[in-house]
Student: 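Supplied in structure tokens, the structure appears directly below.
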Amino acid sequence: MDELLHEMIRDTIRKIPAGRVATYGDIADLSHAPTAKLVGHLLNTDHTSLPWHRVLRANGTCAPHIAEEQLRLLEEEGVPSTNGKINLHTYRWEEAVKPQEEDNTPTLF
DNA sequence: ATAATGACCAGGC
DNA sequence: AGCCTGGCCATTA
């Protein structure tokens, strides 16, 4: 397996600041990973020394089996949740959203 | 090699 | 709002 890729993913997750969250897709994109699923798989196999609780699903919810623990840890960091959902619009890691969306097309009609 | 599963995502109904 | 389907990649049987 690609240990290098694993390291990049883990490094990206480590960069998530406290009080913020990121989605699996964001991590996949920032860490140059092919898909979000690989990120989840990595966390499933090896989540040691990682702020795994700052990684959420795209809709702002967390994985079912860890939800309780995750919500508790996030709340301790200052990230409240309503009905098991986090407000990504407010707490999403800024760096994860930054990617350059190509400017408005100059070839506009 | 195929099939199934998983801490996923987006679209359709 | 919920539920289903297909796509995605890696691992396992």
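In the text below, chain A, chain B and the rest are named by the order of the sequence lines, each starting its count at 1. As a basis for the values below, the full set of heavy atoms in this structure was taken, side chains included, without hydrogen atoms, waters or symmetry mates.
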Student: For residues A:L43 and A:V21: do they belong to one hydrophobic cluster (side chain heavy atoms under 4.5 Å, members Ile, Leu, Val, Met, Phe, Trp, Tyr)?
Tutor: no
Student: Round to a whole Å and report the spacing from CD of A:Q70 to C1' of B:dA7.
Tutor: 8 Å
Student: When you group the ILVMFWY residues by side-chain heavy-atom contacts below 4.5 Å and let the links chain together, are A:W93 and A:L74 in the same group?
Tutor: no
Student: Would you list the protein and nucleotides 7-13 of chain C atom pairs, both N or O, that sit under 3.5 Å from each other?
Tutor:
unit_1, atom_1, unit_2, atom_2, d
C:dC9, O4', A:T35, OG1, 3.3

Student: Determine, using the 4.5 Å side-chain heavy-atom cutoff (strictly less than), whether A:L30 and A:W52 are members of one ILVMFWY cluster.
Tutor: yes
Student: Would you call A:R54 and A:E77 a salt bridge, taking side-chain N to carboxylate O under 4.0 Å as the test?
Tutor: yes
Student: For residues A:T23 and A:A58, report the shortest heavy-atom separation together with the two atoms involved.
Tutor: CG2-CA, 4.0 Å
Student: B:dC8 C1' sits how many Å from A:R57 CZ, rounded?
Tutor: 8 Å
Student: For atom P, what is the distance between B:dA7 and C:dG7, given to the nearest Å?
Tutor: 22 Å
Student: Please output the side-chain donor-acceptor pairs of residues 61-71 of chain A that fall under 3.5 Å, not counting sequence neighbours, one pair per line with the distance.
Tutor:
unit_1, atom_1, unit_2, atom_2, d
A:T61, OG1, A:R57, NE, 3.3
A:T61, OG1, A:N59, OD1, 2.9
A:T61, OG1, A:N59, ND2, 3.4
A:E69, OE1, A:R72, NH2, 3.2
A:E69, OE2, A:R72, NH2, 2.8
A:Q70, NE2, A:H53, O, 2.7
A:Q70, NE2, A:V55, O, 2.8

Student: Between P on B:dG6 and NE2 on A:H47, what's the gap in Å once rounded to a whole number?
Tutor: 16 Å
Student: Rounded to the Å, how far apart are A:L43 CG and B:dG6 C1'?
Tutor: 12 Å
Student: So if you build clusters from Ile, Leu, Val, Met, Phe, Trp, Tyr with side-chain heavy-atom gaps below 4.5 Å, do A:I27 and A:L42 land together?
Tutor: yes
Student: In residues 78-89 of chain A, which residues come under 4.0 Å of DNA chain B by heavy atom?
Tutor: none
Student: Do the side chain of A:D29 and the main chain of A:S31 share a donor and acceptor less than 3.5 angstrom apart?
Tutor: no
